[in-house]
Asker: 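One structure, as structure tokens, below. Some questions next.
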Amino acid sequence: MKDRKLLMIPGPIEFTPEVLQAMGMPTTSHVAPDFIEAFGRALERLRQVFLCPHGQPFVVAGSGTLAMDIAAANLVEAGEKALVVNSGYFSDRMGDILERYGATVTHVRAPAVGDVPPLEEVESVLKEGGYKVMTLTHVDTSTAVVVDAQALAALGRQYGALVVLDGVCSVAGEEMRQEEWNIDLAFTASQKAIGVPPGLALVLAGPRAMDAFDERRAPVGNYYADWANWLPIMEAYEARRPSYFGTPAVNLIRALNVSLGQILEEGMEARFVRHWRMSEAFKAAITALGLGQVPVSTDLAATTLTAPYYPDGVDATLLKHIKEAGVVVAGGLHPEIRDKYFRVGHMGAVSESDIVVSVGAIESGLAKVGYKFQIGTGLAAAQEILTP
Ligand code: PMP
């Protein structure tokens with residue numbers, strides 16, 4: 001019997017065989033002509049996936065937190081004001097990083113876990129003036145809450161702040177149109193909807209972000225993150241010229257190029273719709289099974305993951321039983337509700353059968369912990385949406 005588990009956590013996700021094959025190829029020199037070609041193509045493709053035709057991509061070895069660090073280190077200087085639109089755990093982290101670079105940080109927080117910071121409150125803080133940057137966590141992975149990035153970015157632009165979007169749990173899954181939505185810098189990491197094993201920080205800086213970088217008074221206070229080091233490298237690879245600053249993650253970048261090719265072959269519009277459909281089916285199953293969700297309303301629920309509450313009398317032992325039924329899901333992360341809910345990622349190459357299998361495993365787990373429900377209720381609700 002196969003003992004491989006289906007990985008349905010909100011990153012790392014399941015990767016396609018072609019991506020994993022690229023990871024396993026013999027590693028070449030970072031200046032081998034075919035690697036230069038793969039890196040150059042990946043940079044071009046990132047603009048298309050972020051929907052940011054005039055942006056400057058940066059691909060640097062590190063996790064999503066490095067991408068956060070790159071954004072903060074290059075865009076803010078000591079004493080400048082930053083506004084964090086705070087929708088959870090990863091917004092707190094962004095605030096900490098901004099403070100590390102000397103920014104004076106104001107948080108506008110959601111009124112409750114599972115809610116979003118009100119637009120009016122964000123606007124009244126921006127009205128005070130003088131904010132250099134405003135950061136948003138597009139999808140907060142701790143709550144499965146999605147913010148209205150388009151409306152928030154419009155406000156940021158109106159009041160002259162550079163808009164920075166943490167798209168680690170959104171880019172290439174949740175609808176995100178960087179240039180059209182006036183987002184000055186967006187970033188993600190390889191292991192989520194981009195579909196590549198962990199290890200790459202991916203940043204797309206729009207023209208206003210690059211201008212702000214050019215106008216800095218002080219050097220960037222982080223050597224590895226400094227665009228002054230990385231910009232010539234990105235430009236060289238895109239011009240198909242050899243170049244070196246820090247050794248690139250050769251196999252990860254080859255895998256990135258493969259995955260971006262697959263994403264663009266599907267097409268961004270089709271990809272947004274597929275993520276929405278998978279999410280609708282999964283969420284319908286969770287509701288049919290009688291479980292609530294962390295986002296306080298359906299329009300605040302992300303399409304890349306779902307955060308169901310445990311039903312009364314059920315705790316995290318449920319996750320062990322779901323795993324025994326073949327599916328790995330994640331526990332809670334938000335400190336205020338950590339033991340009350342779990343998280344299921346459904347992004348990237350996720351298929352209809354992954355959704356059905358996951359719902360089946362959750363039903364099996366719920367039955368094992370003694371929860372009373374009609375077996376098959378969740379599956380029927382998911383199939384209702386998945387079967388045309
Ligand atoms: N931001 C968000 C929204 C995330 O979900 C994560 C990771 N789950 C991060 C930032 C940090 O990324 P990493 O764990 O790759 O450092």
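None of the values given here were measured: they were computed from a predicted structure. Every number for a ligand or one of its atoms is a count from 1 in the order of the listing. Values below: all heavy atoms of this structure, side chains included; hydrogens, waters and symmetry mates excluded.
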Asker: Please state which protein non-hydrogen atom is closest to atom 4 (C) of ligand 1 and give its distance, to 0.1 Å?
Answerer: T141 OG1, 3.4 Å
Asker: Where is the nearest protein heavy atom to atom 12 (O) of ligand 1: which residue, which atom, and how far?
Answerer: G64 CA, 3.4 Å
Asker: Starting from atom 6 (C) of ligand 1, find the nearest protein heavy-atom neighbour and note its residue, name and distance.
Answerer: F90 CE2, 3.3 Å
Asker: Measuring from the heavy atoms of V139, does anything fall under 4.0 Å of ligand 1?
Answerer: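 The answer is yes, since V139 has a heavy atom less than 4.0 Å from ligand 1.
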Asker: Starting from atom 1 (N) of ligand 1, locate the nearest protein heavy atom and write down its residue, its atom name and how far away it is, to 0.1 Å.
Answerer: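 Nearest protein contact, heavy atoms only, for atom 1 (N) of ligand 1 is D166 OD2, 2.6 Å.
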Asker: Does ligand 1 have an atom under 4.0 Å from some heavy atom of M68?
Answerer: yes
Asker: Any salt bridge linking R277 with E352? Criterion: basic side-chain nitrogen under 4.0 Å from a carboxylate oxygen.
Answerer: yes
Asker: Run the numbers for me: atoms of ligand 1, each under 4.0 Å from some heavy atom of S63, listed by number.
Answerer: 13 (P), 15 (O), 16 (O)
Asker: Taking atom types as modelled, is there a side-chain donor on S170 or H138 under 3.5 Å from an acceptor on the other?
Answerer: yes
Asker: For D69 and Y101, which I'm curious about, is there any donor-acceptor pair between the side chains at under 3.5 Å?
Answerer: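 Indeed, the side chains of D69 and Y101 share at least one donor-acceptor pair under 3.5 Å.
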Asker: Quick one: nearest non-hydrogen protein atom to atom 11 (C) of ligand 1, plus distance?
Answerer: T65 OG1, 3.6 Å
Asker: For residues Y244 and H30, establish whether the separation of their ring centroids is below 6.0 Å.
Answerer: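 They qualify: ring centres under 6.0 Å apart.
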Asker: Can you confirm whether or not the ring centre of Y310 sits under 6.0 Å from the ring centre of F342?
Answerer: yes
Asker: Please report which non-hydrogen protein atom sits nearest to atom 14 (O) of ligand 1, along with the residue it belongs to and the distance in Å to one decimal place.
Answerer: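 The closest heavy atom on the protein side is Q191 NE2, 4.2 Å.
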Asker: Could you find the nearest protein heavy atom to atom 8 (N) of ligand 1 and give me its residue, atom name and distance?
Answerer: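 Of every protein heavy atom, K192 NZ, 2.7 Å lies nearest to atom 8 (N) of ligand 1.
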Asker: Taking the six-membered ring of Y131, is the NZ or CZ of K81 close enough (under 6.0 Å from the centre) and on axis enough (within 45°)?
Answerer: yes
Asker: Is the ring pair W230/F245 parallel, tilted or perpendicular, if the boundaries are 30 and 60 degrees?
Answerer: perpendicular
